[in-house]
Amino acid sequence: MSAQQRAAAPADLFSRSISYLRLSLTDRCNLRCRYCVPPEGQPPCLAHDALLNYEELLRVVRAAVSLGMTKLRLTGGEPLVRKGIMGFVEQLGEIDGLTDIRITTNGVLLEKYAAGLKAAGISKINISLDSLKPERFAAITGADCFAQVWRGIEKAQAVGFAPVKLNMVVMRGVNDDELADFARLSRDTDMHIRFIEFMPVGASSRWSKDTYFCSDQIKERLKHLGELLPVPRSETDGPACMFRLGEDAQGKIGFISPLSHHFCDRCNRLRLTSEGRLRACLLHDAETDLRAVLRQGCTDEDIRETLLTAVRSKPQGHRMEERLREQEGGCHGRMSRIGG
């Protein structure tokens, strides 16, 4: 498919171009992070037949690409725990017009899979990592495997992923004392360090005003390290506002601020949850049931029309700040099913 033949990405009702589809492949995970797992413990995972199978997912991706959605991210849960993941990624890489395939992982299995992911066509990799201290990592994730994750990061770099992006969810009183250590990684290596505001996602979220740490406070905390130099945005940039920690920094620092400086006006994404529901906004509970459509003998045109229905349902913005002020709570669902 030539550039001239590709469809322009569909626009929502507020003239935003929706070019980016995020697939949550599974709600299963090999970690038990405190902001995903409620205090009462891990809820039951979805039954196998509740997940979209790979054939269904490929139909959806092909339909999305035909509409002009050319960027795809695989999420979870932990996408690398799903059986057959490598064969699926290889099939994605063969879809004409799909120009950018990315993955977000916790890194536990990355040492094993990094080379295969690169060979199959994954272009960029994001690794969720909330602490550089092994004991604290274990406390946050419920698993003593920091060394294994770090080997996965090194393997990703060795096979040619550049830059590797580390996503740190900042929580006051939990890991905010490590901000400078993460920031220094962007100065001393070519990695991109992305500081993400803790979001009230999920019916059992442990979010509270006491743990919330906004991006402006993070920047203030980093001042002693040197000047944060803004990096100009490009059309393909995601929600992170990017900086360099001084002229000589090898990597970059990003701030993702869905609550304090939300980026709804430039949001270009649509999510497909592991239950097969299309979700147009992470922080808005409205969903469109695509799994039901797929399992009623639908045509490819039916899939495209369902995708477009979800695009047209995308709200102008979330009202999370208002909901929190009025003590309505965060959005519902489970982050492991919605997809990070």
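Partner of L80 under the side chain to side chain contact (heavy atoms under 4.5 Å, CB included) criterion, chosen from V89, I103, V108: I103. Of the options L52, L272, L51, a side chain to side chain contact (heavy atoms under 4.5 Å, CB included) to R291 is made by L52 and by none of the others. When the options N126, L166, V169 are evaluated for a side chain to side chain contact (heavy atoms under 4.5 Å, CB included) with R194, the one that passes is N126.
Because its NZ or CZ atom is both nearer than 6.0 Å to the ring centre of F161 and within 45° of the ring axis, K118 counts as a cation-pi partner of that residue. Judged by a 6.0 Å distance limit and a 45° cone about the ring axis, R82 is positioned over the six-membered ring of Y54.
In the model, R73 has a side-chain atom that pairs as donor or acceptor with a side-chain atom of T104 under 3.5 Å. Side chain to side chain, R172 and Q217 meet the donor-acceptor criterion of an N or O pair below 3.5 Å. Between the side chains of T105 and E78, at least one donor N or O sits under 3.5 Å from an acceptor N or O. Under the 3.5 Å distance criterion, with hydrogens and angles disregarded, a donor-acceptor pair is assigned to the side chains of H261 and D216. Using modelled atom types and a 3.5 Å distance limit, the side chains of E178 and S131 yield a donor-acceptor pair.
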Using salt bridge (Lys or Arg N to Asp or Glu O under 4.0 Å), reason through D248 and R187 one step at a time and then give a plain yes or no. CA-CA 7 Å; D248 297 329; R187 187 176 62 192; over 6 Å; no

Might you work through the side chain to side chain contact (heavy atoms under 4.5 Å, CB included) test for H192 and M242, ending with a clear yes or no? CA-CA 9 Å; H192 288 190; M242 303 300 297; 4.0 Å; yes

Show the numbers, then the answer: is there a side chain to side chain contact (heavy atoms under 4.5 Å, CB included) between L270 and M69? CA-CA 10 Å; L270 183 66; M69 300 183 192; 4.1 Å; yes

Evaluate the criterion side chain to side chain contact (heavy atoms under 4.5 Å, CB included) for residue pair C214 and F255; output intermediate values, then yes/no. CA-CA 10 Å; C214 76; F255 298 90; over 6 Å; no

Evaluation steps, side chain to side chain contact (heavy atoms under 4.5 Å, CB included), between D176 and M171: CA-CA 6 Å; D176 61 298; M171 296 169 282; over 6 Å; no

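Here the closest non-hydrogen pair linking L307 and V60 is CD1-O, 4.2 Å. Scanning all heavy atoms of the two residues, the minimum distance from A280 to K314 falls at O-NZ, 2.5 Å. The shortest non-hydrogen separation linking K155 to A114 is CG-CB, 3.8 Å. Here the shortest heavy-atom pairing between A156 and V164 reads CB-CG2, 4.1 Å. Minimum heavy-atom separation, D27 to C45: OD2-CA, 3.4 Å. The two residues L225 and A183 make their nearest non-hydrogen contact at CD1-CB, 3.8 Å.
For the pair L25 and I85, the minimum side-chain heavy-atom distance is below 4.5 Å. Counting only heavy atoms from C-beta outward, the side chains of L129 and W150 approach each other to under 4.5 Å. Put simply, the side chain of P10 reaches to within 4.5 Å of the side chain of L308, judged on heavy atoms. Residues S123 and R102 meet the side-chain proximity criterion, which asks for heavy atoms closer than 4.5 Å. In this structure, R244 and L228 have side chains that are not in contact, with every pair of non-hydrogen atoms separated by 4.5 Å or more. You'll find the side chain of R271 stays beyond 4.5 Å of the side chain of L278, heavy atoms only. Annotation: side chain of L72 is in contact with side chain of L74 (closest heavy-atom distance under 4.5 Å). The side-chain heavy atoms of L46 and E275, taken from C-beta on, include a pair separated by under 4.5 Å.
With rounding to the nearest 0.5 Å, the separation of CD in E94 from CG in L92 is 9.5 Å. Within the model, atoms CZ of F198 and CG of L259 stand 10.5 Å from one another, a figure rounded to the nearest 0.5 Å. The line from CZ of R269 to CZ of R279 is 13.5 Å long, rounded to the nearest 0.5 Å. Rounding to the nearest 0.5 Å places CG of L98 at 13.0 Å from CD of Q91. Atom-to-atom distance recorded for N167:CG and D130:CG is 9.0 Å, nearest 0.5 angstrom. Atom CD1 of I140 is separated from atom NZ of K133 by 10.0 Å, given to the nearest 0.5 angstrom.
A search for ring-ring contact (aromatic ring centres under 6.0 Å, His included) contacts involving F213 returns nothing, not counting sequence neighbours.
A salt bridge is defined here as a Lys NZ or Arg NE, NH1 or NH2 lying under 4.0 Å from an Asp or Glu carboxylate O, and D12 with R312 fails to meet this definition. Checked for salt-bridge contact, R16 and D265 miss the test: no charged N lies under 4.0 Å from a carboxylate O. Salt bridge annotation for R295-E56: present, with a cationic side-chain nitrogen under 4.0 angstrom from a carboxylate oxygen. Between D177 and R136, at least one side-chain N (NZ, or NE/NH1/NH2) sits under 4.0 Å from a carboxylate O, which counts as a salt bridge. Classification of E301 and R304 as a salt-bridged pair holds, one side-chain N sitting under 4.0 Å from a carboxylate O.
No side-chain donor-acceptor contact under 3.5 Å links R277 to the backbone of S274. Of the possible polar contacts, one joining the T299 side chain to the D302 backbone as a donor-acceptor pair under 3.5 Å is found. The backbone N or O of L23 sits less than 3.5 Å from a side-chain atom of T75, completing a donor-acceptor pair. Under a 3.5 Å cut-off, the side chain of E111 and the backbone N or O of Q148 do not form any donor-acceptor pair.
Residue D289 places its CG atom among more than 12 non-hydrogen atoms of other residues, nucleotides or ligands, all under 6.0 Å distant. Counting heavy-atom neighbours within 6.0 Å of E154 CD, excluding the residue itself, gives a total above 12. The environment of H48 atom NE2 is sparse: at most 12 non-hydrogen atoms of other residues, nucleotides or ligands sit within 6.0 angstrom.
Hydrophobic clustering of Ile, Leu, Val, Met, Phe, Trp and Tyr side chains at less than 4.5 Å, counting indirect connections, unites I101 with L67. With hydrophobic clusters built from ILVMFWY side chains whose heavy atoms lie under 4.5 angstrom apart, L58 does not share a cluster with Y20.
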